[in-house]
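To start, the structure itself, in structure tokens.
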Amino acid sequence: MKKLNPLTPSLAMVALLITGPAILTAQSVPAPTFAKDIAPIVYQHCASCHRKGEIAPMQLLSYEEVRPWAASIREQVAAGTMPPWHSDAPRGQFSNDRRLSDSEKALIARWVDAGAPKGNLKDMPALPTFTENWEIGKPDAVIAMPEPFLVPATGVLAYQNVTVPTNFTEDKWVQAIEVRPGTRSVVHHILVFVSGPRPDEAYSQTIPQRPRRVQTGTPQRDSKMADTLFATTAPGTNAMVFQPGTAMRIPAGASVRFQIHYTTSGKETSDRSSVGIIFAKQPPKNEMHTSAFFNAQLILPAGSADTAVPSAIRFDQDVHITALFPHTHLRGKSWEYRVTYPDGRVETVLPVPHYNFNWQTYYIFANPLAVPRGSTLEAVAHYDNSVNNPSNPDPTKEVHWGEQTWDEMQYTGINYTVDAESSKPVRSQSKSNN
């Protein structure tokens with residue numbers, strides 16, 4: 001019989017040495033708790049929408065509010081449905097990317113699997129602060145509709161146009177903008193325009209556009225004046241905060257025009273929408289320009305499951321694109337934006353494979369995209385006008401451009417700066433708020 005060396009470990013001892021510490025380590029890792037681990041994620045990624053008066057259907061600020069939804073949150077997070085983000089561009093390309101990290105998703109799954117424990121309230125982070133429901137913080141100025149608009153209980157309303165004077169006696173530089181619907185249940189979207197001297201365009205449309213119908217209440221305008229897109233809100237649209245050193249100009253004496261798409265809700269409702277503005281602390285190095293391009297000649301054949309509709313612009317100056325905003329209605333299913341550079345190189349700069357009409361996003365580049373003169377930006381939207389689209393109002397209908405939700409649009413908002421302007425001096429503004 002072979003004698004064992006007392007210094008030689010048995011197989012059982014070897015197994016214990018190998019597995020013992022691992023087992024102990026696994027057993028010693030505590031389950032995540034809401035107070036310590038989950039609340040910080042919820043406050044950072046969810047609270048801005050999941051609070052009173054915002055777009056989400058329920059508030060998620062306390063354990064008691066979150067706990068009943070724990071299993072649903074795990075499913076939505078695992079599927080990538082929440083937080084809503086519809087581009088598959090690499091992480092880091094857009095500064096407002098809402099996607100959770102893989103480690104955050106795993107933490108939520110472990111928390112739910114452990115029974116969603118509350119934890120020690122001493123570990124709770126401070127509640128996020130919201131200034132009077134303004135995402136941008138307390139505005140320096142609020143420009144509101146002068147009186148409420150009464151939305152009837154039923155029927156179809158043409159776009160409403162309300163013009164409000166700013167009474168600014170000098171140019172104002174805007175660092176942050178937020179459009180606030182007065183009553184979200186009846187406001188589908190708002191475009192806010194600044195009426196002032198006609199600016200020089202940095203680009204030209206390369207696809208001819210059919211004139212749009214005259215909007216209700218739109219007055220005749222001086223040929224030397226123009227309505228410049230200033231701000232937008234639609235379901236899920238984020239407020240706009242410009243990078244330091246960049247701001248948008250409101251000319252002295254300008255007016256603000258609200259173009260509002262109301263939808264009836266079954267009961268008579270009053271709305272008084274507004275736009276909040278935070279002024280730049282000093283004149284900027286770069287002036288932000290906000291504009292749009294679109295294809296109003298779109299035709300979607302009845303029953304077609306995939307119709308591609310392009311639009312494009314050609315840049316006549318060197319610019320930096322800071323944000324893009326794709327917009328269609330209920331038949332829109334995806335977008336792709338490509339830049340063709342003067343040397344022939346083609347780059348996809350924004351893929352949106354899963355467009356969602358209920359969550360419309362300004363995609364803000366973390367590093368503004370340098371686009372030299374002579375480049376072309378093409379936007380291609382794809383539409384599903386078939387019975388397979390559960391949101392389709394009528395798959396038997398050929399669809400054209402139109403303002404109502406059952407019509408369609410192919411529209412892109414664009415924010416950019418012009419390189420040549422960065423070397424020009426800008427006019428200063430006083431610190432007084434009018």
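Residues Ile313 and Thr376 have side chains not in contact (no heavy-atom distance under 4.5 Å, counting atoms from C-beta outward).
Looking at Gln76, its side chain never comes within 3.5 Å of a backbone N or O of Met82 through a donor-acceptor pair. Tyr355 places a side-chain N or O within donor-acceptor distance of the main-chain N or O of Thr328, the cut-off being under 3.5 Å. Under the 3.5 Å distance criterion, the side-chain polar atoms of Asp316 are left unmatched by any main-chain donor or acceptor of Arg373.
Between Phe357 and His188, the distance separating the two ring centers is shorter than 6.0 angstrom. Aromatic ring centres of Tyr63 and Phe34 lie closer together than 6.0 Å. No close placement of the His354 and His86 rings is indicated, their centers lying 6.0 Å or farther apart. The ring of His189 has its center closer than 6.0 angstrom to the ring center of Tyr159.
Side chains of Asn415 and His289: no donor on one and acceptor on the other come within 3.5 Å. His261 and Glu403 are not linked by any side-chain donor-acceptor pair at a separation below 3.5 angstrom, with hydrogens and angles left out of the test. Ser101 and Ser103 form a side-chain donor-acceptor contact under 3.5 Å, judged by distance and modelled atom types alone. Between the side chains of Tyr383 and Glu408, no donor-acceptor pair of N or O atoms lies under 3.5 Å.
Minimum heavy-atom separation, Gln59 to Lys52: OE1-N, 3.0 Å.
Listed by first and then second residue, the side chain to side chain donor-acceptor pair (under 3.5 Å) pairs involving residues 229-246 amount to none (not counting sequence neighbours). Note on residues 56-76: pairs passing salt bridge (charged side-chain N to carboxylate O under 4.0 Å, His left out), not counting sequence neighbours, are Glu64-Lys118, Arg74-Asp113.
Relative to the six-membered ring of Phe279, Lys172 meets both conditions, a distance below 6.0 Å and an angle of at most 45° to the axis.
Using a 4.0 Å cut-off between charged nitrogen and carboxylate oxygen, Arg331 and Asp384 do not count as a salt-bridge pair.
Between Tyr363 and the choices Trp335, Trp85, Tyr337, Phe325, the ring pair (Phe, Tyr, Trp, His ring centres under 6.0 Å) rule is met once, by Trp85.
Here Asp306 pairs with His382 under the side-chain hydrogen bond (donor to acceptor under 3.5 Å, both in side chains) rule; sequence neighbours left out.
Under the 30°/60° scheme for interplanar angles, the aromatic rings of Tyr416 and Phe315 are found to stand perpendicular.
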